[in-house]
Amino acid sequence: MKKMKKLFALGLAGCMTLAALTGCGSKETGGTSQGAGSTQAQSGAQSTDNAAPYKIAVATIHEGESWEIQKAYFEKEVGPALNMEFMFSEKLADANGLVDFMEQAYASGCVGMINLVTSNDAVAQGARKAEEWGMWFVTQNSSLNEDVAELTYNLGHCGASATGMGDAYTKAFAELLGDGEDHSVFVFSGAAVGGAIGQGAASHYYTVQGILEAMQDQYNLTYEKSVDDIINNQNPGEVATDNDKVKIYVYPGVDVAAAITAAQTQFQTGGYDTFAAVFSYSAFTNAIADVEQSLNKNIKIIGTASIEQQTATGFTTQDSQGDTVLNAAIVNPLNNANAVCAVLLYNALTGHAEAMKDNGKAVLFEVQPWVCMSAETYEGIGQLDTSSETYVVNAEDLKALCVENNEGLTFADIEQKLTDLADVDAVIDAKLK
């Protein structure tokens with residue numbers, strides 16, 4: 001089956017965007033809509049199969065196929081297991097959007113908030129607003145906001161391990177570059193600028209760090225600037241090194257359309273043969289396919305991906321050069337973070353918030369990524385998170401992480417669970433064999 005990368009990219013354009021705000025549902029927890037959230041959140045009463053479900057709001061920055069898969073996980077697996085129903089936002093971009101959505105959620109009787117708006121100011125404003133209302137609050141990102149870490153209703157953070165992402169990219173690049181040839185890479189670095197100090201995306205920062213260090217080790221490069229300075233440069237451009245046979249071009253920012261234009265321009269020079277993206281790699285495949293065909297040159301692609309059909313298609317679809325569209329992926333198992341966020345809320349709502357904290361302080365829970373270097377490896381990964389039996393964290397696993405079902409359980413046990421899930425081969429054996 002030979003298909004062009006261009007066709008693969010065009011197929012992705014059909015991904016659904018999220019609808020407008022979805023209501024929490026018809027069941028009420030009691031009291032007025034304004035008071036329902038605060039009353040149930042502070043009561044610590046246990047939720048039973050016969051009780052009205054806890055209403056949980058989810059503020060998202062995502063849309064498309066990957067997000068629809070995550071929504072299905074919340075609604076079909078997490079909700080029934082933890083007696084929750086969910087209110088999802090439309091795609092949000094900043095602190096103002098988060099607070100506006102939180103106001104709607106609170107008025108609808110939501111007692112908990114899963115926040116995916118990752119900027120420090122959004123986390124701080126959201127956590128303080130939740131504190132004011134008595135609404136439990138947890139953020140899905142890769143760094144801890146120390147400014148609000150000791151607020152009573154802030155249950156912390158869970159996201160892709162920032163350093164784990166860096167290590168994964170270092171490992172993947174070492175394998176990609178290990179053929180003894182010189183390779184040059186265009187890096188779409190996303191929100192890496194400021195990521196190490198909470199002003200950007202920590203996972204993006206450490207991803208780019210891993211790539212730069214892998215290139216440095218492979219080719220014994222000397223950079224004119226420090227790796228930190230290279231990553232934190234807001235202007236796109238070529239990285240100055242002492243080896244003119246190996247080129248590195250870093251494009252920062254989240255404007256994907258502009259990055260595609262820049263990537264196509266650089267690849268057309270013929271000086272680059274590897275592309276790496278910290279997110280949205282599939283948006284670039286059309287432009288890269290055009291370059292491959294016009295130059296009759298193979299360009300390898302590596303990107304951060306999730307468990308979804310487009311990742312499988314990337315590994316199984318061939319380009320004009322007879323290579324697969326996607327050569328390597330760092331798979332971020334998003335539902336693992338979704339699961340932990342929901343469990344933290346449930347434990348707080350059932351009176352065990354302190355067990356989810358480290359001496360009263362919010363904890364950063366880290367989800368380890370999986371390195372996937374081939375279609376054969378992804379064949380196993382791609383079967384995960386597709387049904388109740390194959391969810392990496394299914395209903396049974398969720399309930400085992402609840403203090404009411406596991407007396408003495410603390411945040412350390414949840415950390416250990418995430419550590420265990422870092423071994424993707426063990427996960428596949430447990431869920432598929």
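Residue indices begin at 1 and follow the sequence shown. From a predicted model like this one, the values you see are computed outputs, not experimental measurements.
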Option from Thr274, Asp323, Asp273 for which side-chain hydrogen bond (donor to acceptor under 3.5 Å, both in side chains) with Asn298 holds: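 Of all the options given, the one that passes is Asp323.
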Name all residues meeting the side-chain contact (heavy atoms from CB on, under 4.5 Å) criterion together with [X]; count only those two or more places apart in sequence or in a different chain, and write none if there are none.
X      : answer
Ile197 : Gln199
Asp229 : Lys225, Ser226
Ser143 : Asn141, Ala202

Would you please name every residue forming a ring pair (Phe, Tyr, Trp, His ring centres under 6.0 Å) with [X], sequence neighbours left out?
X      : result
Phe137 : none
Tyr206 : none
Tyr272 : none

side-chain hydrogen bond (donor to acceptor under 3.5 Å, both in side chains) pairs, two or more places apart, involving residues 251-264: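 Applying side-chain hydrogen bond (donor to acceptor under 3.5 Å, both in side chains) to every pair that reaches into residues 251-264, excluding sequence neighbours, yields nothing.
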Show which side-chain atoms of residues 417-428 pair as donor or acceptor with protein atoms under 3.5 Å away, not counting sequence neighbours.
from   : atom 1 : to     : atom 2 : distance (Å)
Thr419 : OG1    : Glu415 : O      : 3.1
Asp420 : OD1    : Gln416 : NE2    : 2.8
Asp423 : OD1    : Asp425 : N      : 3.2
Asp423 : OD1    : Ala426 : N      : 3.2

Atom pair CG (Asp397) and CG (Asn394), whose distance is rounded to the nearest 0.5 Å: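 If we round to the nearest 0.5 Å, Asp397:CG and Asn394:CG are 4.0 Å apart.
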Evaluate the side-chain proximity of [Y] to [X]: yes if any heavy-atom separation is below 4.5 Å, no if none is.
X      : Y      : answer
Asn347 : Cys402 : yes
Leu349 : Val111 : yes
Tyr153 : Met135 : no
Glu103 : Trp133 : yes
Pro252 : Val193 : yes
Ile330 : Val371 : yes
Phe411 : Asp358 : yes

Among Phe284, Tyr281, Phe275, ring-ring contact (aromatic ring centres under 6.0 Å, His included) partner for Phe188: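 Of the listed options, the one satisfying the test is Phe284.
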Test item: side-chain donor near acceptor, Thr313 and Gln309, under 3.5 Å: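 Judged by distance alone, the side chains do pair up.
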Counterpart residues, side chain to side chain donor-acceptor pair (under 3.5 Å), relative to Asn232 (two or more places apart):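 Listed in chain order: Asp228.
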Backbone of Thr316 reached by a side-chain donor or acceptor of Thr324 within 3.5 Å: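 Such a contact is absent between Thr324 side chain and Thr316 backbone.
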Phe74 and Phe86 aromatic ring geometry - parallel, tilted or perpendicular at 30°/60° bounds: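 It falls in the tilted class, 30° to 60°.
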Listed once per pair and sorted, the salt bridge (charged side-chain N to carboxylate O under 4.0 Å, His left out) pairs that draw on [range], sequence neighbours left out:
range            : result
residues 378-389 : none
residues 325-343 : none
residues 115-133 : Lys129-Glu132

Residue that, paired with Leu212, satisfies side chain to side chain contact (heavy atoms under 4.5 Å, CB included) out of Val227, Thr170, Thr207, Val185: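 Passing option: Val227.
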Option from Val187, Ile302, Val278, Val208 for which side chain to side chain contact (heavy atoms under 4.5 Å, CB included) with Tyr169 holds: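 One option only clears the test, and that one is Ile302.
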N-O pairing of Glu150 and Lys357 below 4.0 Å: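 Answer for the salt bridge query: no.
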Shortest non-hydrogen contact from Val148 toward Val123: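 Where Val148 meets Val123 most closely, the heavy atoms are CG2-CG1, 4.3 Å.
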